[in-house]
Amino acid sequence: TAMDGVNVMNQIVGNTDLSAYYEDNRRKLVRKHEQAQRRLEKESHLFSTLPRRVIKPSSLQRKDIALFRNRVVSFSLQELEPYIDRRTLFALNWRFGGPAGRERYGHSDEEMESLLEEWIIKAGNNAWIKPQGVFGLFPCYSEGEQVILLDPEDAQREIARIEFASVLGAGNEDIVSAAQYFRGRDAGAPDVIGLQLTTAGAQVEAVVESFKRKDDYESALFLQGLSDRVAEDMAERIHSMMRKLIGVDAHCGQRWSPGYPGMKEIMHNMTIHAALQAEELVGVSVTEAGEFRPTGTTAAAVSFHPDARYT
């Protein structure tokens, strides 16, 4: 948490002889490296010995679903407020830690709610945060670890490819790739993939930087943290909207984001961004390294297979 960083700085500044502290830190780093090596060796063995998951074909009928390249959705911050994941916002985005840690430092639940209300009003009234997103439903088929996206208006035309990665299944019982949840080319008819990109708005970063220039790092943290949270919670809202359009229940399917184990290649941020025409529609850009601007932005690919899950 942020308090851990403060404690470390206090220890460094308040001591003249730091050799013991540095040695202890070195040993911790070596131990973590050794643990990572052992975990890598174990995973390598499991990938070479475990069976691949057998997945039943989806009964989803594409002919009954209207496909499209992009639709834009926006909410006011006040409208999104009931859906904000407070637990994660307080603990991670705002770096107060979990309930026990907050209590230890004298931060009550009432204080957290009051702080959230304050920033909802500030960020909403000043238009610092504008929850919005763009999503599309595309015909597709799988080919190995790749899913090939087709033009919603011309299912013979390929417009992009997304490469997933195999991961260890839950309980280390098998291995599975997200691509397995999509029909193959030989299935007779294309499947459906959802793409989505959500953001707190392109204007956030300028406001965060203005706080930093005034040395108001606390406000910068609260605004950046809230914008990151809004992007994530908007992703869940749009995912829910796609489920309704597809006609599946509220817990059906799974989404994968670039840069995570199931879709390792972060450059697929660029793939999703281009396929949805996100820069023109919601003002989000993507760097040559595959990072979004503003940083309070997320992207994902979605399967609507009833058995789809991350592991």
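Predicted model, so just to flag it, every value in this text is computed and none were measured.
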Next item on the list: Could you grab the distance from atom CG of N269 to atom OG1 of T271, nearest 0.5 Å is fine?
Entry: 8.5 Å
Item checked: Donor-acceptor under 3.5 Å (T88 side chain, D85 main chain) -> no
Margin query: I'd like to know whether R243 forms a side-chain contact (heavy atoms from CB on, under 4.5 Å) with H251, so could you lay out the CA-CA distance, the side-chain angles of the two residues, the decisive distance to 0.1 Å, and finally the verdict.
Written below: CA-CA 9 Å; R243 285 182 175 120; H251 303 290; 5.7 Å; no
Notebook entry, point to check: Is there a side-chain contact between H273 and V284, using heavy atoms and a 4.5 Å cut-off?
Noted result: yes
Check: Around E288, counting heavy atoms of other residues, nucleotides and ligands shown, do more than 12 lie under 6.0 Å from its CD?
Finding: no
Checklist line | Distance in Å, W128 CH2 paired with S227 OG, rounded so as to fall on 0.5 Å steps | finding: 12.5 Å
Note to self: Any side-chain to backbone donor/acceptor pair from Q146 onto G144? Under 3.5 Å, distance only.
What the structure shows: no
Margin query: Could you tell me if S285 and E279 have a donor-acceptor pair between their side chains, going purely by distance under 3.5 Å?
Written below: no
Note to self: Quick check: do T198 and R237 have side-chain heavy atoms less than 4.5 Å from each other?
What the structure shows: no
Check: D154 side chain to Q156 main-chain N or O, any donor-acceptor pair under 3.5 Å?
Finding: yes
Check: Of the non-hydrogen atoms in T298 and A235, which two are nearest, and what is the gap between them?
Finding: OG1-CB, 3.9 Å
Check: Can you tell me how far the CD atom of E291 sits from the OG1 atom of T297, to the nearest 0.5 Å?
Finding: 11.5 Å
Notebook entry, point to check: If you take all heavy atoms of G283 and A202, which pair is closest and at what distance?
Noted result: O-CB, 3.5 Å
Next item on the list: Would you check if R95 and L221 make a side-chain contact, meaning some heavy-atom pair closer than 4.5 Å?
Entry: yes
Checklist line | Note, V302 side chain near L195 side chain (heavy atom, < 4.5 Å) | finding: no
Notebook entry, point to check: Given the rule in the side-chain contact (heavy atoms from CB on, under 4.5 Å) test, do D174 and R52 qualify, once you have shown the distances and angles that lead to the verdict?
Noted result: CA-CA 6 Å; D174 56 15; R52 183 163 291 275; over 6 Å; no
Check: Does the side chain of F135 reach to within under 4.5 Å of the side chain of L197, using non-hydrogen atoms?
Finding: no
Note to self: Could you work out, with salt bridge (charged side-chain N to carboxylate O under 4.0 Å, His left out) as the rule, every residue matching R69, not counting sequence neighbours?
What the structure shows: none
Next item on the list: Could you tell me whether the side chain of S210 and the main chain of V207 form a donor-acceptor pair under 3.5 Å?
Entry: yes
Margin query: Quick check: closest heavy atoms across M234 and V73, and the distance to 0.1 Å?
Written below: CE-O, 4.2 Å
Notebook entry, point to check: In the single-linkage hydrophobic clustering (I, L, V, M, F, W, Y; side-chain heavy atoms under 4.5 Å), do L116 and L92 co-cluster?
Noted result: no
Check: Is there a donor-acceptor pair closer than 3.5 Å between any side-chain N or O of R157 and the backbone N or O of L150?
Finding: no
Check: Which of these, D191, L276, D151, sits in a side chain to side chain contact (heavy atoms under 4.5 Å, CB included) with F138?
Finding: L276
Next item on the list: Please test V147 against R161 for side-chain contact (heavy atoms from CB on, under 4.5 Å), starting from the C-alpha separation and ending with a verdict.
Entry: CA-CA 6 Å; V147 172; R161 291 182 175 230; over 6 Å; no
Check: Just by distance, do the side chain of N126 and the backbone of K122 share a donor-acceptor pair under 3.5 Å?
Finding: yes
Notebook entry, point to check: Regarding R71 and the six-membered ring of F68, is the cationic atom NZ or CZ under 6.0 Å from the ring centre and inside 45° of its axis?
Noted result: yes
Notebook entry, point to check: Is there a donor-acceptor pair closer than 3.5 Å between any side-chain N or O of S114 and the backbone N or O of E110?
Noted result: no
Check: Looking only at atom types and distance, does a side-chain atom of S257 sit under 3.5 Å from a main-chain N or O of A299, one as donor and one as acceptor?
Finding: yes
Notebook entry, point to check: Minimum heavy-atom separation for V230 to L80, with atom names?
Noted result: CG1-CD2, 3.7 Å
Item checked: Between OG1 on residue T311 and CG on residue L168, distance to nearest 0.5 Å -> 9.0 Å
Notebook entry, point to check: Can you hop from V192 to V248 via hydrophobic side chains spaced under 4.5 Å?
Noted result: yes
Check: Can you name the closest pair of heavy atoms from P261 and Y310 and give their distance?
Finding: N-OH, 3.5 Å
Check: For G296, does its backbone N or O pair with a side-chain atom of T199 as donor and acceptor, under 3.5 Å?
Finding: yes
Item checked: Residue among Q254, R53, H305, R309 satisfying side-chain hydrogen bond (donor to acceptor under 3.5 Å, both in side chains) with Y181 -> R53
Margin query: Could you tell me if the side chain of S142 sits less than 4.5 Å from the side chain of F164, heavy atoms only?
Written below: no
Check: Any donor-acceptor pair under 3.5 Å linking the side chain of Q203 with the backbone of A200?
Finding: yes
Notebook entry, point to check: Do the side chains of I148 and M267 join up, straight or via other hydrophobic residues, at under 4.5 Å, putting them in one cluster?
Noted result: no
Item checked: Modelled atom types, side-chain donor and acceptor of S177 and S166, under 3.5 Å -> no
Notebook entry, point to check: Going by heavy atoms in the side chains, are D233 and E236 under 4.5 Å from each other?
Noted result: no
Next item on the list: Give a yes or no on whether a salt bridge exists between R26 and E23, defined as a side-chain N under 4.0 angstrom from a carboxylate O.
Entry: yes
Margin query: For the CD1 atom of I266 and the CZ atom of F292, what is their distance to the nearest 0.5 Å?
Written below: 8.5 Å
Next item on the list: Drop me the distance from D307's CG to K56's NZ, to the nearest 0.5 angstrom.
Entry: 7.5 Å
Check: Side chains of R183 and Y141: do they bring a donor and an acceptor to under 3.5 Å?
Finding: no
Margin query: Applying a strict under-4.5 Å side-chain criterion to I, L, V, M, F, W and Y, I'd like to know whether Y217 and V208 cluster together.
Written below: no
Notebook entry, point to check: Counting heavy atoms not belonging to F47, are there more than 12 under 6.0 Å from its CZ?
Noted result: yes
Note to self: Are more than 12 heavy atoms, taken from residues, nucleotides or ligands other than Q78, located less than 6.0 Å from that residue's CD atom?
What the structure shows: yes
Check: Is the shortest side-chain N to carboxylate O distance from K212 to D216 below 4.0 Å?
Finding: no
Note to self: So that I can tick it off, tell me whether R213 and E209 are bridged by a salt bridge, with the cut-off set at under 4.0 angstrom between side-chain N and carboxylate O.
What the structure shows: no
Next item on the list: Verify the neighbour count for atom CD of E103: are there more than 12 heavy atoms of other residues, nucleotides or ligands below 6.0 Å?
Entry: no
Next item on the list: Would you check, one step at a time, whether the test salt bridge (Lys or Arg N to Asp or Glu O under 4.0 Å) holds for E113 with R86?
Entry: CA-CA 9 Å; E113 285 295 332; R86 285 159 164 76; 3.0 Å; yes
Note to self: Which heavy atom of A155 sits nearest to which heavy atom of P139, and what is that distance?
What the structure shows: CB-CG, 4.4 Å
Item checked: Student check: side-chain heavy atoms of S58 and P306 closer than 4.5 Å -> yes
Item checked: Same apolar cluster (I L V M F W Y, side chains within < 4.5 Å links), Y83/L226 -> yes
Notebook entry, point to check: When you look at E118 and L115, which way does the side-chain contact (heavy atoms from CB on, under 4.5 Å) test go after all the steps?
Noted result: CA-CA 5 Å; E118 174 189 342; L115 188 62; 3.8 Å; yes
